[in-house]
Number of protein chains: 2
Amino acid sequence: MENIKDKKYYPIREVAQLTGVRESVIRFWEQNFDELKPIKNRVGQRKYMKKDIDVILAIKKLLYDDEYKISGAQKRLKELLEEAAGEQMELFTFDEKMKNRKLNEIRNDLQEALAMLESGG
Amino acid sequence: MENIKDKKYYPIREVAQLTGVRESVIRFWEQNFDELKPIKNRVGQRKYMKKDIDVILAIKKLLYDDEYKISGAQKRLKELLEEAAGEQMELFTFDEKMKNRKLNEIRNDLQEALAMLESGG
DNA sequence: CGCTAGCCAGCTGCGCTACGCCCCGACCTA
DNA sequence: TAGGTCGGGGCGTAGCGCAGCTGGCTAGCG
């Protein structure tokens, strides 16, 4: 079970440390970037997965390195994600795509349930 | 003599109309972008050439379409101009490059002198 | 008189921060 | 087991500071 790590959920404080972005900024970005939607546990606390952290790092680059405005970064991020998704999908046959989709759905459900258990109650 | 048009100098009011950018904004950008340096006539009035207008349009795109911040647009513009210059230069042999450089210097001198005459007095 | 210059105080809203409140778990007391 | 209370993490949001103009001034020139 290699990807057990992928299932770990990080609280906002850890994400802030890992990414070097303040908690308040992470919360602010969440209001502005559809792509940044961590799940929340029973009491409303944010729980981040690896993919969320990647999104934060991508936004950080666009805003602080490339120096886009928020609105510009939104557009660019969407482009980048579409490109990445396109490349991903080209690697699969149709059947594999379907299988992959199902697996992802199930995994997401499990991960959400897990997060509730781990950090919610 | 086709490129006689290239020698025409535009006053700021015309540039504002042509580009759809307010005069005050053009003057403001001039303080922030090294690449936007129109020559000035004897009494200090700005005189724009085609290349200046291209720069303004490039800045406009970066700021209003791509939605960079000023600082980001500065960096991006420099990159774009270097790329363009690089591509240009690759078309020439060494000797041609030298000749081209000389010609450019001479042309610039002539254009400046001309602008003084035409619009300065 | 119209066009433009430079200067600069003022305005708007973007991007972030600081703060007050809430929830929860740990520990005590009975 | 219930009840009290203390501290720490996290929440949302009002407010702050500055980027990016705007517009009004005075002055020079033809």
Side-chain angles (χ1 to χ4, degrees), chain A residues 9-48 52-53 55-56 58-77 115-121, chain B residues 9-34 36-49 52 56 58-77 115-121:
Chain A
Y9 280 77
Y10 303 85
I12 193 166
R13 179 176 33 83
E14 279 183 33
V15 176
Q17 283 170 213
L18 288 170
T19 59
V21 179
R22 285 167 205 243
E23 300 180 23
S24 60
V25 176
I26 293 174
R27 272 189 248 114
F28 171 72
W29 286 355
E30 188 178 323
Q31 296 174 350
N32 292 280
F33 292 91
D34 299 340
E35 295 76 11
L36 184 53
K37 284 246 166 81
I39 65 168
K40 297 190 179 183
N41 68 12
R42 176 165 41 81
V43 296
Q45 293 176 348
R46 281 162 252 260
K47 298 297 160 185
Y48 296 85
D52 296 314
I53 293 177
V55 169
I56 290 172
I59 294 172
K60 185 184 181 190
K61 176 182 178 299
L62 291 173
L63 293 180
Y64 298 155
D65 296 344
D66 299 344
E67 299 184 275
Y68 279 93
K69 298 187 202 181
I70 296 268
S71 53
Q74 287 167 353
K75 290 197 298 190
R76 193 80 246 282
L77 183 62
M116 295 302 166
L117 286 174
E118 274 180 351
S119 36
Chain B
Y9 281 75
Y10 303 84
I12 193 165
R13 179 177 35 82
E14 278 183 35
V15 176
Q17 282 170 213
L18 287 170
T19 59
V21 179
R22 286 167 205 241
E23 300 180 23
S24 62
V25 177
I26 293 174
R27 277 194 233 108
F28 173 73
W29 286 354
E30 189 178 318
Q31 296 172 353
N32 291 281
F33 292 91
D34 298 340
L36 185 52
K37 285 245 167 82
I39 65 168
K40 297 189 179 184
N41 67 14
R42 178 161 40 79
V43 297
Q45 292 178 346
R46 282 163 252 258
K47 297 299 160 187
Y48 296 85
M49 329 178 7
D52 297 314
I56 290 172
I59 294 171
K60 186 184 179 190
K61 176 182 178 297
L62 291 172
L63 293 180
Y64 298 155
D65 296 344
D66 297 346
E67 298 183 275
Y68 280 93
K69 300 187 204 181
I70 296 267
S71 53
Q74 287 167 353
K75 289 197 300 190
R76 192 78 191 92
L77 183 62
M116 296 301 167
L117 287 173
E118 275 181 350
S119 38

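A note on names: the letters A, B, ... follow the listed sequences, proteins ahead of strands, and every chain is numbered from 1.
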Flag yes if more than 12 heavy atoms outside A:Arg22 fall under 6.0 Å of its CZ atom; otherwise flag no. no
First locate atom CH2 of B:Trp29, then atom CG of B:Leu36, and finally report the distance between them rounded to the nearest 0.5 Å. 9.0 Å
Kindly point out which of C:dC24, D:dG9, C:dA5 is positioned nearest to the side chain of A:Arg42? C:dC24
I need the NZ-P distance between B:Lys40 and D:dC29, as an integer number of Å. 15 Å
Base, sugar-phosphate, or nothing: which does B:Glu30 touch, judged by heavy atoms less than 4.0 Å apart? nothing
Residues 66-76 of chain B side chain polar contacts: donor-acceptor under 3.5 Å, at least two apart:
unit_1  : atom_1 : unit_2  : atom_2 : d
B:Asp66 : OD1    : B:Lys61 : NZ     : 3.2
B:Asp66 : OD2    : B:Lys61 : NZ     : 3.0
B:Glu67 : OE1    : A:Lys75 : NZ     : 3.2
B:Glu67 : OE2    : A:Ser71 : OG     : 2.7
B:Tyr68 : OH     : A:Tyr68 : OH     : 3.0
B:Ser71 : OG     : A:Glu67 : OE2    : 2.8
B:Gln74 : NE2    : B:Asn32 : O      : 2.7
B:Lys75 : NZ     : A:Asp65 : O      : 2.5
B:Lys75 : NZ     : A:Glu67 : OE1    : 3.2
B:Arg76 : NH1    : B:Glu79 : OE1    : 2.7

Report yes if some heavy atom in the side chain of A:Asp52 is under 4.5 Å from a heavy atom in the side chain of A:Val15; otherwise report no. no
side-chain hydrogen bond (donor to acceptor under 3.5 Å, both in side chains) involving A:Gln17 - partner list, sequence neighbours excluded: none
Please report the distance, rounded to the nearest Å, between CD in A:Glu23 and P in C:dG15. 21 Å
Just the rounded figure in Å: distance from C1' of D:dA19 to NZ of A:Lys69. 9 Å
A:Asn41 CG to D:dG9 P: how many Å, rounded? 16 Å
Taking B:Thr19's backbone N and O only, do any of them form a donor-acceptor pair with B:Lys60's side chain (distance below 3.5 Å, no angle check)? yes
Between the protein and nucleotides 25-27 of chain D, are there any N/O to N/O pairs under 3.5 Å, and if so, what are the atom names and distances?
none

B:Glu67 atom CD is separated from C:dC14 atom C1', nearest whole Å, by 12 Å
Suppose we screen for side-chain contact (heavy atoms from CB on, under 4.5 Å). Which residues come up paired with B:Ala16, at least two apart in sequence or across chains? B:Glu23, B:Ile26
What integer distance in Å separates A:Gln31:CD from D:dA14:P? 11 Å
Contact between B:Asn41 and B:Tyr9 at the side-chain level, heavy atoms closer than 4.5 Å - yes or no? no
Nearest whole angstrom, please: distance from the P of C:dG15 to the CD1 of A:Ile26. 17 Å
When you measure from the side-chain N and O atoms of B:Arg13 to the phosphate of C:dA5, is any distance below 4.0 Å, counting only OP1 and OP2? no
B:Lys47 atom NZ is separated from C:dC3 atom P, nearest whole Å, by 12 Å
Contact list (N/O, under 3.5 angstrom) for nucleotides 21-24 of chain D vs protein:
unit_1 : atom_1 : unit_2  : atom_2 : d
D:dC21 : OP1    : B:Tyr64 : OH     : 2.9
D:dC21 : OP2    : B:Trp29 : NE1    : 3.2

Compare all side-chain heavy atoms of B:Arg27 with those of B:Ile12 and state whether any distance is below 4.5 angstrom. yes
